[in-house]
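Worksheet: one structure, shown below.
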Amino acid sequence: MAEAEYNVSVPRLNSLLELDPYLKPFEKDFQRRYGLFEKQLTLLEEAEGGFDQFTRSYKSYGVHRMPDNSLVFKEWAPAAEALFLTGDFNGWDNFSHPYAKKDFGKWELHIPPKEDKTPAVAHNSKLKVVVHTRMGERLYRISPWAKYVTRHEKSVIYDWVHWDPPQPYIHKHPRPQKPRSLRIYESHVGIASPEGKVASYSNFTHNVLPRIKDLGYNCIQLMAIMEHAYYASFGYQVTSFFAASSRYGTPEELKELIDVAHSLGIIVLLDVVHSHASKNTEDGLNSFDGSDSCFFHSGPRGEHSLWDSRLFNYSGWEVLRFLLSNLRWWMEEYRFDGFRFDGVTSMLYHHHGIGSGFSGDYAEYFGLHVDEDSIVYLMLANHILHTLYQDCITIAEDVSGMPTLCRPVQEGGLGFDFRLAMAIPDKWIQILKEFKDEDWNMGNIVHTMSNRRYGEKCIAYAESHDQALVGDKTLAFWLMDKDMYTNMSALIPMNSVIDRGIQLHKMMRLLTHGLGGEGYLNFMGNEFGHPEWLDFPRVGNNESYHYARRQFNLVDMDHLRYRQLYAFDRDMNRTEDKYGWLAAPPAYISAKHEGDKVIVFERANVIFIFNFHPTNSYSNYRVAVGPPGKYKIKLDSDEIHYGGHGRLDHNTEFFTEPMEFSNLPNSMLLKFLALLQSRST
């Protein structure tokens, strides 16, 4: 590495080093990263009319209809010997429409309109690129820029379908303003119905969006939208990056879904998979031009051993064009409001996180095992998105704890707005699996909730889709298991399993919501204690949809206790909306009492009090308070309509005393209740 690159000036590096002086020994790493980022950005600015134009390459690649209805096809296939276009339009003639070879591995084909001035390729007709390799092979491929691909029922392979509707959907509603607090409803369109089938975009628009609005979530994170040939991959083996999955409906129906969400004041994030790609060749990116490389690294560096997928060459010019334009496409064409980047840990390191425990030692985050091509790509992506879209939100899924992931690019950071607090759900599962109620460690729980890098925002969650996948189960099912099949009726008294499960389900969520981060996430259905687990149709389960659905019907039955958990989740979100604790500085924790099993903290002038003791209630229990004055109960998990026992009087007013307690100037006396009524003292 040339010495000159170490002398790069990172505009606001000093701010970063003041925030975390322990990063000082790695100053040269930040300078080198920023230097590489700046160099790549300068190349983008100089080469093709600026990054705005470069990242709109979806307007020239793939297929485009000109004003005179002629069609222009353009591809990048550097290893190909020849390219032809075939399809319904030419009777599947493999040679009648050759592409012309251009510089830098590019190919172009112009097709004039028909005699009646209509386009030669009709809307909804099938196409294929025929690639002739230097080895004499003839390969049939889908354009990497294909906007719509479909699969015939009896076929395994997807088809490229020309999508040019006569009446394209026109967005009616502006994007909502970036919310002060982010409350995310993680969603999968295909399972968003109680029926045993693949649900549709329209079903989500008409049946699920009103529920999300009612629950008080202001953001939806949509999974499995980028087209993936294998449904059971949960959308993480992407085959067509520019195509919205056709198994749920048409591109226009997805646009309507997002537009209606915007009309409800809800922003929509795309779960974007740029960390790897499916190995499929006939309907994927792999070996598009017949070579081992093209969009990917060749050899072992281009393969992920655990995921059995291909890895992008992030330093490649055309790869940057493809991926950065992909982000712009989803923002511009569909009007998404941002992204949750999947698999960031795999991108950041040459070892992809495989076999790495990540102890938190800073040396783990710098050095030769870090993939700086990927880091520069993520810096570019965040810089471009935040420059062009002021309110764009980006979230990183990283388990390693990479410092500066969520610091601005100008400081030498990667530029994400949030990271997922992935240790929190793991902690809850561990506690439920390994500890009796009386052995829960309050200090350990509080540490897991509050252990995050200062100045880097986290999305907290008690469980996401990951925890519900086959081999594991939802928190509700961990808590109540088979009793959920027979004892969730509100018409019969709760047994001790259901009582404990319902109370803990609420408390774990509220504690995570209040203490765990600067945003909150819930996977669809888990807010009401969805039973069982998630499993997509596959050979191993006889292609069953039984576990690939969300049983919203359980909430709609008045006599079932799922409705009570739903009501608590709704009111928890609405209370946050009123007081804004997610947007407030981290909480001041005044009590984590092991013997009493009590946690008390203050955030946004709201006092949170949790009694996790299975049998002890407390009266005249002193808690520390910052601001003096009168306090009232605003959210009580023990209310009867939340499945509680209604043991607290909400008319009671609590007055502070100027008595210092736990390093706060004021305190007050309260009554707490045991976790379970049946065993309370």
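These figures come from a predicted structure and were not determined experimentally.
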Would you check if the distance from the ring center of F322 to the ring center of W145 is below 6.0 Å? yes
So, do Y158 and H228 have ring centers that fall under 6.0 Å from each other? no
I'd like to know if the side chain of H206 and the backbone of Y201 have a donor-acceptor N/O pair within less than 3.5 Å. no
Count the heavy atoms of every other residue, nucleotide or ligand shown that sit under 6.0 Å from NZ of K147, and state whether that count exceeds 12. yes
Does a side-chain N-to-carboxylate-O contact under 4.0 Å join E397 and R340? yes
With the threshold set at 4.0 Å, does a side-chain nitrogen-carboxylate oxygen contact exist between R538 and E543? no
Pair R247 + E227: basic N to acidic O under 4.0 Å: yes
Run the side chain to side chain contact (heavy atoms under 4.5 Å, CB included) test on V149 and I142 for me, step by step, so that the C-alpha distance in whole Å, both residues' side-chain angles and the decisive distance to 0.1 Å come before the verdict. CA-CA 9 Å; V149 296; I142 288 176; 4.0 Å; yes
How are the rings of Y231 and F536 set relative to one another: parallel (under 30°), tilted (30 to 60°) or perpendicular (over 60°)? perpendicular
Do D159 and D283 touch side chain to side chain, with heavy atoms closer than 4.5 Å? no
Should the pair E333-K255 be classified as a salt bridge under the 4.0 Å nitrogen-to-oxygen rule? yes
Can you name the salt bridge (charged side-chain N to carboxylate O under 4.0 Å, His left out) partners of E318, sequence neighbours left out? K106, R321
Salt bridge (Lys or Arg N to Asp or Glu O under 4.0 Å): which pairs involve residues 545-558, sequence neighbours left out? R211-D556, D558-R563
Spacing of CG belonging to L324 relative to CG belonging to L44, to within rounding of 0.5 Å: 7.0 Å
Using the rule side-chain hydrogen bond (donor to acceptor under 3.5 Å, both in side chains), only one of R141, K279, R310 pairs with N286; which is it? R310
Tell me the closest heavy-atom pair linking V409 and G415, and the distance in Å. CG2-CA, 3.9 Å
Are the aromatic ring centres of F295 and W76 under 6.0 angstrom apart? yes
Minimum heavy-atom distance A229-T239, with the two atoms named: N-OG1, 3.3 Å
Cation-pi geometry met for K128 and Y140 (6.0 Å, 45°): no
Would you call W307 and S275 a side-chain contact if the rule is heavy atoms closer than 4.5 Å? yes
Using the side-chain hydrogen bond (donor to acceptor under 3.5 Å, both in side chains) rule, pick out the option among E518, H513, E576 that qualifies with W581. H513
Which residues satisfy the side-chain hydrogen bond (donor to acceptor under 3.5 Å, both in side chains) test with E282, sequence neighbours excluded? none
So, Y99 versus W107, ring centres under 6.0 angstrom or not? no
Does the pair D577/R180 count as a salt bridge with the N-to-O cut at 4.0 Å? no
Let's go through N203 and V189 carefully: what are the C-alpha distance in whole Å and the side-chain angles of both, what is the deciding distance for side chain to side chain contact (heavy atoms under 4.5 Å, CB included) to 0.1 Å, and is it a yes or a no? CA-CA 8 Å; N203 165 71; V189 169; over 6 Å; no
Aromatic plane relationship, F73 with W160 - under 30° parallel, 30 to 60° tilted, over 60° perpendicular: perpendicular
In plain terms, say whether D88 and K126 are close enough for a salt bridge, that is, a side-chain N and a carboxylate O under 4.0 Å apart. no
Quick one: side chain to side chain contact (heavy atoms under 4.5 Å, CB included) partners of N218, sequence neighbours excluded? P179, L182, R183
Between F418 and F341 (judged by ring centroids, cut-off 6.0 Å), do the two rings come close enough to count as a pair? no
Distance flag, aromatic centroids of H97 and F89, threshold under 6.0 Å: yes
Taking only residues two or more places apart in sequence, or in another chain, which ones meet D391 in a salt bridge (charged side-chain N to carboxylate O under 4.0 Å, His left out)? none
Under a 4.0 Å threshold between the charged nitrogen and the carboxylate oxygen, would R574 count as salt-bridged to D214? yes
Please report the shortest heavy-atom distance between C392 and K178, naming the atom on each side. O-NZ, 4.1 Å
Is the distance between the ring centroids of H465 and F234 under 6.0 Å? yes
Do the non-hydrogen side-chain atoms of H110 and S70 ever get within less than 4.5 Å of each other? no
Between Q53 and R56, is a side-chain hydrogen bond (donor to acceptor under 3.5 Å, both in side chains) present by the stated rule, with each step listed? CA-CA 5 Å; Q53 196 167 319; R56 287 179 190 257; over 6 Å; no
Below 4.0 angstrom, N of the basic side chain to O of the carboxylate: do R509 and E463 qualify? yes
Among L385, I393, D271, find the one that has a side chain to side chain contact (heavy atoms under 4.5 Å, CB included) with F339. L385
Do V260 and E256 have side chains that get closer than 4.5 Å, going by heavy atoms? yes
Scan residues 549-572 for pairs that pass ring pair (Phe, Tyr, Trp, His ring centres under 6.0 Å), counting only residues two or more places apart or in two chains. F568-Y642
